[in-house]
Amino acid sequence: MAVKFEHLDFLRNIAFMLTYKCFIACPHCLFDSGPARKEQMRLADVSEWLTGAAAYRDGHIGGLALTGGEPFASLDLLEKVSRWGARLGFVQSVVTNGYWAGSYLKALATLKRFPAIKLIALSTDEYHQKFIPIENIENAIRAADELGRIHSLSVCTDNYDNPAYKRTIDKLQQITEPENIRTTITFPVGRAERKVDGYQYRMSAEPVVSVCSMASSPVIFPDGRVTGCIGPVAVKLEGNHPLAWGSLRENTLAEILDRAECDPVFHALRIWGPHKLVSIIREAGKDSWLPKEYQAGSICDVCYRLFRDDRILGFLDDLRRDEQFTEKVAYGRVYYLDEPRMAEMLGVGV
């Protein structure tokens with residue numbers, strides 16, 4: 001079955017990064033996941049955090065994304081979390097490299113073990129295929145189709161002109177519809193940071209003009225951190241940047257999510273994209289603070305370059321307290337995203 005990549009309403013989905021463990025060690029992995037990693041969510045934490053997510057705004061969060069690492073690396077943990085999620089009424093998805101789909105029958109048996117997981121998001125590209133053949137992806141798709149599950153494919157590349165990337169897309173289009181395939185540009189963070197010389201990134205003097213489609217679904221990490229997305233900013237950068245929402249060791253999930261609901265800088269990323277922040281900084285006469293170049297085609301790169309500069313973070317913190325900007329963002333969410341809650345919470349008339 002096909003999946004359409006569309007706008008996701010804010011906080012309708014939440015991701016649990018169950019584990020950093022993975023049976024492979026891809027050279028582009030943001031998280032440095034691999035066989036030696038042991039960190040994973042504790043069952044007591046999963047129970048508390050799932051319950052909090054289910055109770056938030058009387059069931060506003062309907063989707064649960066299970067990710068890693070490789071969620072299937074710990075079948076018992078995945079099974080328990082999926083069962084709890086099912087009892088709480090979540091529609092579930094999983095992000096996986098498909099290592100478990102060495103044959104069609106094995107893929108079928110594995111997916112049958114997780115009846116509540118309705119979307120199988122498969123990661124494959126030239127990096128994954130060094131360890132896991134593309135035939136595994138075909139087996140996983142066949143099994144998902146047989147069981148009436150939806151599937152999607154995520155492909156990474158350093159350059160859209162990369163011949164290996166083009167070969168991968170050609171192969172994938174033979175086993176699934178093109179609309180099921182989403183491509184992202186790799187990023188030099190994590191393991192890729194140590195292998196940067198092996199990539200062929202294109203650079204640009206201007207940031208990519210694109211909105212962030214991933215910033216509608218927060219991510220909970222095993223240590224209790226909550227971030228606004230699962231990209232390189234959340235992984236690499238510490239401190240008070242717009243994608244760092246807080247810790248469940250210090251606040252409840254409801255407190256963290258309510259605070260994020262009214263953050264105008266964060267929602268500007270969702271409405272207009274980080275290039276909007278670049279424009280605002282330029283208009284304020286702070287051009288010298290801005291990066292000289294950006295990774296072409298990578299929206300994550302723009303956030304990463306902006307949010308690692310303390311001067312820009314201070315500027316954005318002041319912008320967060322600007323009433324006129326906050327009202328503009330609240331109106332923008334209503335107009336562009338059909339999301340009135342921020343305006344309602346701030347008492348902004350619409």
Side-chain angles (χ1 to χ4, degrees), residues 4-15 56-57 60-63 65 182 184-185 204 206-219 226-234 237 240-246 256-284 286 289-291 294-295 297-307 309 312-350:
K4 293 183 179 180
F5 298 111
E6 297 176 342
H7 163 70
L8 182 66
D9 289 342
F10 186 55
L11 300 184
R12 286 294 190 181
N13 186 76
I14 194 166
Y56 182 67
R57 289 172 54 188
H60 178 80
I61 303 174
R182 171 180 284 180
T184 56
I185 297 294
S204 170
E206 291 297 323
V208 62
V209 178
S210 177
V211 299
C212 182
S213 61
M214 299 300 293
S216 292
S217 178
V219 184
V226 184
T227 65
C229 77
I230 200 169
V233 177
L237 297 184
N240 184 33
H241 60 76
L243 297 174
W245 288 4
I256 291 172
L257 298 185
D258 281 348
R259 188 166 59 233
E261 183 75 66
C262 293
D263 184 341
V265 175
F266 172 78
H267 290 289
L269 297 175
R270 299 181 59 240
I271 300 168
W272 300 293
H275 69 282
K276 177 67 171 180
L277 300 183
V278 171
S279 297
I280 293 173
I281 293 168
R282 282 176 174 164
E283 291 169 2
K286 308 296 184 182
W289 294 358
L290 292 170
Y294 305 87
Q295 193 173 315
S298 174
I299 188 171
C300 294
D301 179 73
V302 187
C303 285
Y304 184 72
R305 290 174 186 267
L306 295 181
F307 299 162
D309 188 308
I312 291 177
L313 290 179
F315 177 88
L316 295 179
D317 204 37
D318 291 338
L319 185 63
R320 188 177 282 115
R321 292 188 289 269
D322 185 306
E323 293 184 3
Q324 185 175 5
F325 175 73
T326 298
E327 287 192 7
K328 181 178 181 180
V329 171
Y331 281 122
R333 288 186 66 188
V334 175
Y335 183 80
Y336 293 107
L337 306 179
D338 193 25
E339 295 175 358
R341 183 167 174 78
M342 179 179 178
E344 294 169 353
M345 292 178 69
L346 296 176
V348 175
V350 293

**OP:** Taking salt bridge (Lys or Arg N to Asp or Glu O under 4.0 Å) as the test, write out the residues that go with Arg57, two or more places apart.
**Re:** Glu261

Subject >> Among Ile299, Val208, Asp301, the one residue meeting side chain to side chain contact (heavy atoms under 4.5 Å, CB included) with Tyr294 >> reply: Asp301

**OP:** Report the C-alpha distance between Trp272 and Val329 in whole Å, list the side-chain angles of each, state the deciding distance to 0.1 Å, and finish with yes or no for side-chain contact (heavy atoms from CB on, under 4.5 Å).
**Re:** CA-CA 10 Å; Trp272 300 293; Val329 171; 3.9 Å; yes

Original post:
Could you give the distance from CG (Asp309) to CG (Leu316), rounded to the nearest 0.5 Å?
Top reply: 9.5 Å

Subject >> Side-chain touch Leu306/Pro291, heavy atoms, less than 4.5 angstrom >> reply: yes

Original post:
Of all heavy-atom pairs between Pro218 and Trp245, which one has the smallest distance, and what is that distance?
Top reply: CB-CZ3, 3.4 Å

Original post:
Hey, are the side chains of His241 and Val265 touching, using non-hydrogen atoms and a 4.5 Å cut-off?
Top reply: no

**OP:** Kindly write out the residues that satisfy side-chain contact (heavy atoms from CB on, under 4.5 Å) with Arg282, not counting sequence neighbours, or none if the list is empty.
**Re:** Glu206, Val278, Asp287, Leu290

Original post:
Between the main-chain N or O of Phe325 and the side-chain N or O of Asp322, is there a donor-acceptor pair closer than 3.5 Å?
Top reply: yes

Original post:
Of all heavy-atom pairs between Ala65 and Asn13, which one has the smallest distance, and what is that distance?
Top reply: CB-ND2, 3.8 Å

Original post:
Quick check: are there more than 12 heavy atoms from other residues, nucleotides or ligands sitting under 6.0 Å from NZ of Lys328?
Top reply: no

Subject >> Residues which pass side-chain contact (heavy atoms from CB on, under 4.5 Å) with Thr184, listed by chain and number, not counting sequence neighbours >> reply: Cys156

**OP:** Supply the atom-to-atom distance His275 NE2 to Ile280 CD1, rounded to the nearest 0.5 angstrom.
**Re:** 10.0 Å

Subject >> For Ala15 against Ser217, the heavy-atom pair lying closest together >> reply: N-OG, 4.0 Å

Subject >> ring-ring contact (aromatic ring centres under 6.0 Å, His included) involving Phe307 - partner list, sequence neighbours excluded >> reply: none

**OP:** Give me the one residue out of Ile14, Thr227, Val226 that meets side chain to side chain contact (heavy atoms under 4.5 Å, CB included) with Val219.
**Re:** Thr227

Subject >> For Asp317, all residues meeting side-chain contact (heavy atoms from CB on, under 4.5 Å), sequence neighbours excluded >> reply: Asn240, Arg320, Arg321

Original post:
Minimum heavy-atom separation for Pro274 to Cys303, with atom names?
Top reply: CB-SG, 3.9 Å

**OP:** List in chain and number order the residues that pass ring-ring contact (aromatic ring centres under 6.0 Å, His included) with His267, two or more places apart in sequence or in another chain; answer none if no residue qualifies.
**Re:** Phe10

Original post:
Residues two or more places apart in sequence or in another chain: which of them pass side-chain hydrogen bond (donor to acceptor under 3.5 Å, both in side chains) with Thr326?
Top reply: none

**OP:** Hey, could you give me the CD/CG distance between Glu339 and Leu11, rounded to the nearest 0.5 Å?
**Re:** 8.5 Å

**OP:** Of all the heavy-atom pairs spanning Met214 and Cys229, show the shortest one and how long it is.
**Re:** O-CB, 3.9 Å

**OP:** Compare every heavy atom of Val334 with every heavy atom of Pro340, then report the nearest pair and how far apart it is.
**Re:** CA-CG2, 3.7 Å

Original post:
Are there more than 12 heavy atoms of other residues, nucleotides or ligands under 6.0 Å from atom CG of Asp338?
Top reply: no

Original post:
Which residues satisfy the side-chain contact (heavy atoms from CB on, under 4.5 Å) test with Tyr335, sequence neighbours excluded?
Top reply: none

